[in-house]
Amino acid sequence: MFKNWTVLAVPVISVLLGLLAGALIMLVSGNNPTAGYMALWNGAFGDSFYTGETLRQMTPYVFAGLAVAFAFRTGLFNIGVEGQLLVGWLASVWVGLAFELPKIIHLPLAILAGAAAGAAWGFIPGFLKARLRVHEVIVTIMMNYTALHITNHFIRDVISDGADATDPVRETASLQSAFLQSITDFSSLHNGIYLAVIAAIIMWFMLEKTTLGYELRAVGYNQHASEYAGMNVNRNIVLSMVISGAFAGIGGAMQGLGTFGNMFINSGFSGIGFDGIAVALLGGNTAIGVVLAALLFGALKVGSLNMPIESGVPNELVEIVIALIIFFVASSYMITWLLGRLKKKEAK
Amino acid sequence: MDALTIISLIVSSALFAATPLIFTALGGVFSEKSGVVNIGLEGLMIIGAFTAIVFNLTFQSTFGEATPWIALLVAMLAGGLLSLLHGVASIAFRADQVVSGVAINFLALGLSLFLVKLLYDKGQTDMIDIGFIKKDIPFLSDIPVIGDIFFSDIARPTIWAFVIAVISWFVLYKTPFGLRLRSVGEHPMAADTMGVNVAKTRYIAVFISGLLGGLGGAVYAQSISLDFSHATITGQGFMALAAMIFGKWHPLGAMGAAIFFGFAQSLSIVGSSIPVIQDVPDVYLLIAPYVLTILALAGFIGRADAPKASGTPYIKGSR
């Protein structure tokens, strides 16, 4: 499966280095690293409730990670997952509130609305990139803030009348699952986790087993060669951003229909979109990698909440660790260079 | 309210909101002109804001009225140091500069909140007692009409923002160092052939962007938020990035764009007391900077082109 073992080595070493740096910071700041990481572990997998919370946190991470990874494979950097997630969240909640339908229609419709909104939000940077060669990074960043203010405006002035949050979505559009709650000691785990796994399989299938996926990846490797081979590069760029946005939008629907059951005014970003970049990078932009990385980040985020309680370490330590992991993965040149040096020494 | 009061209120609050953006956007110009994309401006502002507030709280009894000014210098240094991390990743380790910038943003937020909890045992700091306040500029504010509009109620850092913008323009466009910096961002190989040290020039440029980003955050913290928490810097760094692009990567353009964005921001705050504008929903004013930037990039408001080598690491010997 892996052509070269360094494909696996870079993320694993990055995570280890990140955790090591976190341990150092705990030592320097007068805390006990072992106690800190034990608290982290207990807070993530200590009992069935925490495991449920970890899996719940993992769900939007999978979607955000898939969104970033999908665009990456076509050579695009979708830093706008945060905004696409917000509009998807809003659209799904809106549909979840506005219609009265049987669950078998209502729930899929609400999720599709989220996907469509995210896709539309991804279409704009994709179109601008394809037509006018505008760099997608800046456009998507600007679209994030536009989405933040527009969704807040919709919640306050359109859906409700000056309220800070929408009503809970109807039961027929809810992802909440009595079964999952009962086996995880009433955590907020919901059916979205199944969808996350399905989405990862779909992405893998789409990219690796279809003509469309082949074309998208070809554009990512070399635009000029793809063009020469008769592929429509511009169409593929737009399509990639649209699909990526759709993944992000469904991630938002997971929040709206599952985790929270409504939408509220956000003063800032949830961070899930930005974390999605880390998830995708750490997962090597592959479907299976994204799922594993999302599990790791879900565990880190949920487990961190237990750190101040059990060990007195501020939970922000995990943010630092995540930042360093991204930093090390991004600097993979350094890691591969070091590994290369080590190999050479062994050869001598 | 008569027209003059309204105009002077708008101008003064627009400049107040614009000042941190000007500093940070100038920082972005230096970095990007040298070919290093700096999404980490937000993080640099965060670390600057954090450092300034902590320094201000700790040393206000020692330095008295001078505290905020010394805090600015310390915050600049903190920003400069953090930016070097971005520099090492994107220049020496050839990291994806956008990704490294994202990491800088995460790191700054995590680190500063972690330290706030360690130092103060709570999620946010106390309010500072001595910050930057709006004062009339002596003599100039006595000029009729113009004095009232432009020279009354101006915080001192605003004046420095204008001065530093002009200095930045001079350095980038009128000195040999500026020429080298720009050439490294446009065509690093040609610059290298002519004997310019690409890596060194880029390190200096990134360091300057760190200094200015830290300064921007420190000014924001000490004049607008007056404390530090997770919500102190939420998007100002990205707005500065937008100002840099809207200003077409030119120091004076970036300054103009920052003032314009400050104007849009202040309208959404003071607009409620001004006729006509109070009828415009906030959301339009809030999204204006971002939408305008997208339009500018799309070429509807003049073409905005990034420095050619921006975002690509320079690898000696590769074409």
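Reminder, nothing fancy here: chain letters follow the sequence lines and each chain counts from 1.
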> So, do A:I141 and B:I39 sit near enough that their side-chain heavy atoms are less than 4.5 Å apart?
Replying inline: yes

>> So, taking the atom named CZ in A:F327 and the one named CZ in B:F93, what distance separates them when rounded to the nearest 0.5 Å?
In response: 7.0 Å

> What is the distance from atom NE2 of A:H153 to atom OH of B:Y284, rounded to the nearest 0.5 Å?
Replying inline: 6.0 Å

> Among A:L317, A:V137, A:I322, A:L128, which has the most heavy-atom pairs under 4.5 Å with chain B?
Replying inline: A:L317

> Where on B:A92 is there a heavy atom nearer than 4.5 Å to chain A: the side chain, the backbone, both, or neither?
Replying inline: backbone

> In terms of heavy-atom pairs under 4.5 Å with chain A, which of B:G235, B:A108, B:A288 leads?
Replying inline: B:G235

> Has A:F264 got more than 12 heavy atoms of other residues, nucleotides or ligands less than 6.0 Å from its CZ?
Replying inline: yes

> Looking only at heavy atoms, which two atoms of B:I294 and A:V139 are closest? And how far apart?
Replying inline: CD1-O, 4.1 Å

> Is any side-chain heavy atom of B:K117 less than 4.5 Å from a side-chain heavy atom of A:N315?
Replying inline: yes

>> Using a 4.5 angstrom heavy-atom cutoff, name the option from A:D275, A:N144, A:V321 with the most pairs to chain B.
In response: A:D275

> In terms of the angle between their ring planes, are A:F274 and B:F106 parallel, tilted or perpendicular, with boundaries placed at 30° and 60°?
Replying inline: perpendicular

> What part of B:V102 lies closer than 4.5 angstrom to a heavy atom of chain A: side chain, backbone, both or neither?
Replying inline: side chain

> Checking A:I124 against chain B: side chain, backbone, both or neither under 4.5 Å from a heavy atom?
Replying inline: neither

> Would you say B:F114 and A:I25 make side-chain contact, with heavy atoms under 4.5 Å?
Replying inline: yes

> Given a strict heavy-atom distance threshold of 4.5 Å, which part of A:V313 is in contact with chain B: side chain, backbone, both, or neither?
Replying inline: side chain

>> With a strict 4.5 Å heavy-atom criterion, list every residue of residues 82-90 of chain B that contacts chain A, or say none.
In response: B:L85, B:A89

>> Taking every non-hydrogen pair under 4.5 Å, which of A:I325, A:L148, A:L324, A:I150 racks up the most with chain B?
In response: A:I150

>> Counting heavy-atom pairs under 4.5 Å with chain A, which one of B:D96, B:V98, B:V116 comes out on top?
In response: B:V98

>> With rounding to the nearest 0.5 angstrom, report the CG to CE distance, B:L295 to A:M142.
In response: 12.0 Å

>> If I take atom CG from residue A:N31 and atom CG from residue B:L118, how far apart are they, to the nearest 0.5 angstrom?
In response: 6.5 Å

> Which atom names give the shortest non-hydrogen contact between B:L107 and A:A323, and what distance separates them?
Replying inline: N-CB, 3.3 Å

>> Please determine whether the number of non-hydrogen atoms from other residues, nucleotides or ligands lying under 6.0 Å from atom OH of B:Y314 exceeds 12.
In response: yes

> In terms of heavy-atom pairs under 4.5 Å, which option from A:E316, A:H135, A:E319 contacts chain B the most?
Replying inline: A:E316

> When rounded to the nearest 0.5 angstrom, what distance separates CD1 in B:I287 from OH in A:Y145?
Replying inline: 15.0 Å

